[in-house]
**Q** 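Structure incoming, see below.
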Amino acid sequence: MHFSFAAADAAKARADVLVFPLFETDLTDKKSPPRALLSVDKKTRGLLFKTAIGEGFKGKADQTFVFQSHGKVPAARVIFVGLGARAKFTAEILRLAAGRAVKTATRLKAKTASVQLPVVRELDQAIKAVIEGFELGAYRYDRWKTQNKDEKNAPRLDKVQLHLPEGVKKEKAHDAVLAHARLVGEATNWARDLVNEPAGTMTPTILTEEAKAMAKEVGLNIAIGDRKKITELKMGMFLGVARGSVEEPRLVQLSYIPRDPEAAKRAPVCFVGKAITFDSGGLSLKPSDGMLDMKTDMAGSAAVLGAMKVIAHMHPNFPVHAFFGACENMPAGNAYRLGDVLVSRLGKTVEITNTDAEGRLVLGDVLAYANELKPAAIIDLATLTGACIIALGNYIAGAFGGDDQLFYDVSESARLAGEELWRLPVTEFQRDVLKSEVADMKNAGDRAGGAISAALFLKEFVGETPWIHLDIAGPSQSPKERGYFNKGATGYGVRLLVEFIARRTQQLNATA
Ligand code: BES
Ligand code: MN
Ligand code: ZN
């Protein structure tokens, strides 16, 4: 999608659709709406407002209204998207509204759009939200559809002009915001593609090839380990999970190292993503219903890949590494068994009481490996437990970890990025559910507090390093079309990780 800032008044914009994001008061208070809108309304002799109000459009945060302009203004159609009450405004509300606008425009077969940016306190955030909302809202995954050619060849919205609020002069900095937001949107859509792709065509090898191509494109270092390397590294838990699949496992490390030698010496930030390309449950086989969506069990790795793709362009003033251990979890004659004891890279031994608790095993070894870089912080993202979906639903990630400062930074990043998370406790006294009679611990506890037990397990492998674990089993997938989302992969995590790195770069610059 191509974005640019328009010099002309929005009322004069020649586009298939002219989009106005509107607050509730914009329809009732004559002083409130953007002047361009008043002039469009005037050209329609007041029919625009009259129709909108007549159709029940009140500027509520989930409302959309379409008006055919019949040549009264150059744009063929005018679209209103509601932003709700001004007092409750957030950039995320605008992002969702922009997503609705692009979906509506696409249904109308529009190819070009002009958008009037609303008057809000933080214009940069608004520009970013509109661009991300358009980019994300235009996403569709139809690579395997061959029959409905009309649907597939439907025109795509590909040119978007942004109109700055009246009286605001265009600055160079606006272009930088635009370019960054576009990168974030594109990288998130790429992450969605990786997750939506069926497991048969998104194997550990293919996922690694994708990572390699991306690293080459944006200039990141990449190290790829095969089964032999994983064996040499004594990642016994990772190997145990990988054993039952004919697909070869891969250990991947992507690295951004700053050019400045002083910056390069700083303690890195490490991201770790879960990358089970298919989770059948192994011998603790999932029922069909529970297995159906398990191509998405690599969403954590897709999120860190998407984020690294953007971060490579941001040139942070400290190193950033992303790790994932990719494999399938399959039942087979040589699969790891219940009752087996696996020896982790750290030397801790684990009794397998459920082969469907595989994510924590792979993550444990990879987290321990990442921790060897003595990072300033580790953030892992994993579609780790169904229990976290039961606790927080389909839209909110569970955030675990005892470091309050790091939690605050991650949580602020999520808020600024428009991604939701909620802190859950790493309840130490629950640790006894992981006690084993034969080994140092077992890999699965009971049903009660299942997301917490999983976090307690991971905690064994990060030592004292500040660490946040995000259980993204819920928000990695959207159960329905909503705002800029379709049903399916959301790319959850890309935006918050990018924001985290942006904030940390600023913080380090401020103290340097
Ligand atoms: N990948 C699943 C978790 C999951 C479930 C993600 C549903 C997305 C949607 C994970 O590997 C798993 O199977 N977890 C088990 C753990 C249990 C066996 C301790 C679970 O949540 O049931
Ligand atoms: Mn599982
Ligand atoms: Zn899993």
Side-chain angles (χ1 to χ4, degrees), residues 195-196 199 202 204 207 237-238 240-245 247 249 272-303 324-331 335-339 350-366 380-398 400 424 430-431 433-436 441-458 469-479 487-490 492-493:
V195 176
N196 282 330
M202 193 44 65
L207 181 62
M237 298 194 296
F238 184 3
V241 176
R243 219 165 67 194
S245 170
E247 292 296 337
V272 177
K274 177 171 171 180
I276 302 297
T277 60
F278 187 67
D279 181 11
S280 74
L283 290 174
S284 311
L285 198 65
K286 285 181 186 293
S288 250
D289 280 355
M291 206 188 291
L292 188 59
D293 263 348
M294 281 303 127
K295 65 173 186 184
T296 67
D297 214 13
M298 36 59 75
S301 65
F324 61 87
C327 68
E328 282 186 333
N329 184 26
M330 294 295 242
Y336 74 136
R337 308 165 191 84
L338 289 94
V350 179
E351 178 195 3
I352 302 306
T353 57
N354 191 323
T355 62
D356 199 10
E358 83 298 338
R360 62 196 74 181
L361 296 168
V362 179
L363 285 167
D365 273 338
V366 178
D380 80 70
L381 290 90
T383 47
L384 205 59
T385 66
C388 202
I389 309 179
I390 301 301
L392 297 174
N394 285 308
Y395 303 101
I396 305 177
F400 298 85
L424 293 173
Q430 194 178 304
R431 236 204 127 260
V433 302
L434 294 177
K435 271 202 181 128
S436 163
M441 55 182 164
K442 33 186 216 185
N443 75 323
D446 47 27
R447 277 165 57 91
I452 297 174
S453 304
L456 281 164
F457 186 94
L458 296 182
H469 155 57
L470 297 177
D471 193 329
I472 62 168
S476 63
Q477 291 277 102
S478 179
K487 187 171 188 291
T490 59
Y492 183 98

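This structure is a prediction, so every number in the text was calculated from the model and none was measured. All ligand and atom numbering here is 1-based and tracks the order in the structure. Just so it is clear, the values below take in all heavy atoms, side chains as well, and ignore hydrogens, waters and symmetry mates. Index from 1, following the sequence.
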**Q** Measure the spacing between CD of Glu358 and CG of Leu384 and express it to the nearest 0.5 Å.
**A** 8.0 Å
**Q** Indicate yes or no for a side-chain donor-acceptor contact from Thr490 to the backbone of Ser476 under 3.5 Å, with no hydrogens or angles considered.
**A** yes
**Q** Name whichever N, O or S atom of Asp279 ends up nearest to the Zn ion (ligand 3).
**A** OD2
**Q** Can you name the atoms of ligand 1, numbered from 1 with element, that are less than 4.0 Å from a heavy atom of Arg360?
**A** 16 (C), 19 (C)
**Q** So which protein heavy atom does atom 7 (C) of ligand 1 come closest to, and at what separation?
**A** Met294 CE, 3.6 Å
**Q** Side-chain contact, heavy-atom cut-off 4.5 Å: Gln430 with Ser453?
**A**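 Yes. Closest side-chain heavy atoms under 4.5 Å.
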**Q** Is the closest side-chain heavy-atom distance between Leu424 and Cys388 below 4.5 Å?
**A** yes
**Q** Can you tell which part of Met298 has a heavy atom less than 4.0 Å from ligand 1: side chain, backbone, both or neither?
**A** neither
**Q** Of the backbone atoms (N, CA, C, O) and the side-chain heavy atoms from C-beta on, which set of Met291 has a member under 4.0 Å from an atom of ligand 1: side chain, backbone, both, or neither?
**A** neither
**Q** Is there side-chain contact between Leu207 and Ser301, with heavy atoms separated by less than 4.5 Å?
**A** yes
**Q** Is the backbone of Ala489 close enough, under 3.5 Å, to the side chain of Asn196 for a donor and an acceptor to pair up by distance?
**A** yes
**Q** Measure from the side-chain N and O atoms of Thr355 to the backbone N and O of Ser284, and report whether any donor-acceptor pair falls under 3.5 Å.
**A** yes
**Q** Please identify which atoms of ligand 1 are closer than 4.0 Å to at least one heavy atom of Asn354.
**A** 18 (C)
**Q** Tell me whether Thr296 contacts the main-chain N or O of Val195 through its side chain, where contact means a donor paired with an acceptor under 3.5 Å.
**A**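 Not confirmed, Thr296 side chain does not pair with Val195 backbone.
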**Q** Taking Lys274 for its side chain and Thr383 for its backbone only, find out whether a donor-acceptor pair lies under 3.5 Å.
**A**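 Flag set: sc Lys274 to bb Thr383 pair under 3.5 Å.
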**Q** Working to 10°, measure the angle at the Zn ion (ligand 3) formed by atom NZ of Lys274 and atom OE2 of Glu358.
**A**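 NZ of Lys274 and OE2 of Glu358 make an angle of 90° at the Zn ion (ligand 3), to the nearest 10°.
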**Q** Hey, which N, O or S atom on Asp297 ends up closest to the Zn ion (ligand 3)?
**A** OD2
**Q** Between Lys274 and ligand 1, does any nitrogen or oxygen pair lie at a separation below 3.5 Å?
**A**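 Min N/O separation from ligand 1 is below 3.5 Å for Lys274.
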**Q** Measure the distance from atom 22 (O) of ligand 1 to every protein heavy atom, then report the residue, atom name and distance (to 0.1 Å) of the closest one.
**A** Gly386 N, 4.5 Å
**Q** Does any N, O or S atom of Asp356, backbone or side chain, fall under 2.8 Å from the Mn ion (ligand 2)?
**A**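 Here the distance criterion (N, O or S atom, under 2.8 Å) is met by Asp356, so yes.
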**Q** Would you say the side-chain atoms of Asn354 pair up with the backbone N or O of Asn443, donor to acceptor, closer than 3.5 Å?
**A** no
**Q** For the Mn ion (ligand 2), find the closest N/O/S atom belonging to Asp279 and write down its atom name.
**A** OD2
**Q** Would you say Asp356 has an N, O or S atom lying under 2.8 Å from the Zn ion (ligand 3)?
**A**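 Checking Asp356: none of its N, O or S atoms is under 2.8 Å.
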**Q** As an exercise, identify every atom of ligand 1 less than 4.0 angstrom from a heavy atom of Thr383.
**A** 1 (N), 2 (C), 3 (C), 6 (C)
**Q** Could you list the atoms of ligand 1 found under 4.0 angstrom from a heavy atom of Ala473?
**A** 6 (C), 8 (C)
**Q** Using heavy atoms and a threshold below 4.0 Å, how should the contact between Asp356 and ligand 1 be classified: side chain, backbone, both, or neither?
**A** both
**Q** Using modelled atom types and a 3.5 Å cut-off, is there a donor and acceptor pairing between side-chain atoms of Asp471 and backbone atoms of Gly398?
**A** no
**Q** Which of the atoms in ligand 1, numbered in the order shown and given with their element, are less than 4.0 Å from a heavy-atom of Ile389?
**A**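 Selected atoms, number and element: 7 (C), 9 (C).
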**Q** State the atom name: nearest N, O or S atom of Glu358 to the Mn ion (ligand 2).
**A** OE1
**Q** Check whether Asp356 reaches the backbone of Gly282 with its side chain - one donor and one acceptor, N or O, closer than 3.5 Å.
**A**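 Between the backbone of Gly282 and the side chain of Asp356 there is no qualifying donor-acceptor contact (under 3.5 Å).
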**Q** Starting from atom 2 (C) of ligand 1, locate the nearest protein heavy atom and write down its residue, its atom name and how far away it is, to 0.1 Å.
**A**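 Atom 2 (C) of ligand 1 sits closest to the protein heavy atom Asp279 OD2, 3.6 Å.
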**Q** Compute the shortest N/O to N/O distance between Ala357 and ligand 1 and return yes if it is under 3.5 Å, no if not.
**A** no
**Q** Look at the side chain of Asp365 and the backbone N and O of Phe238, then say whether any donor-acceptor pair between them is shorter than 3.5 Å.
**A**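 Checked: pair present.
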**Q** Which bit of Leu384 is near ligand 1, meaning a heavy atom under 4.0 Å away: side chain, backbone, both or neither?
**A** backbone
**Q** Quick one: does Tyr336's side chain have a donor or acceptor within less than 3.5 Å of a partner on Arg243's backbone?
**A** no
**Q** For Glu358, counting its heavy atoms only, list the atoms of ligand 1 lying under 4.0 Å from any of them.
**A**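 Listed by number with element: 11 (O).
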**Q** Are Gln477 and ligand 1 in contact, using a heavy-atom cut-off of under 4.0 Å?
**A**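 Not so, Gln477 does not reach ligand 1.
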**Q** Is ligand 1 less than 4.0 angstrom away from at least one heavy atom of Asn329?
**A** no
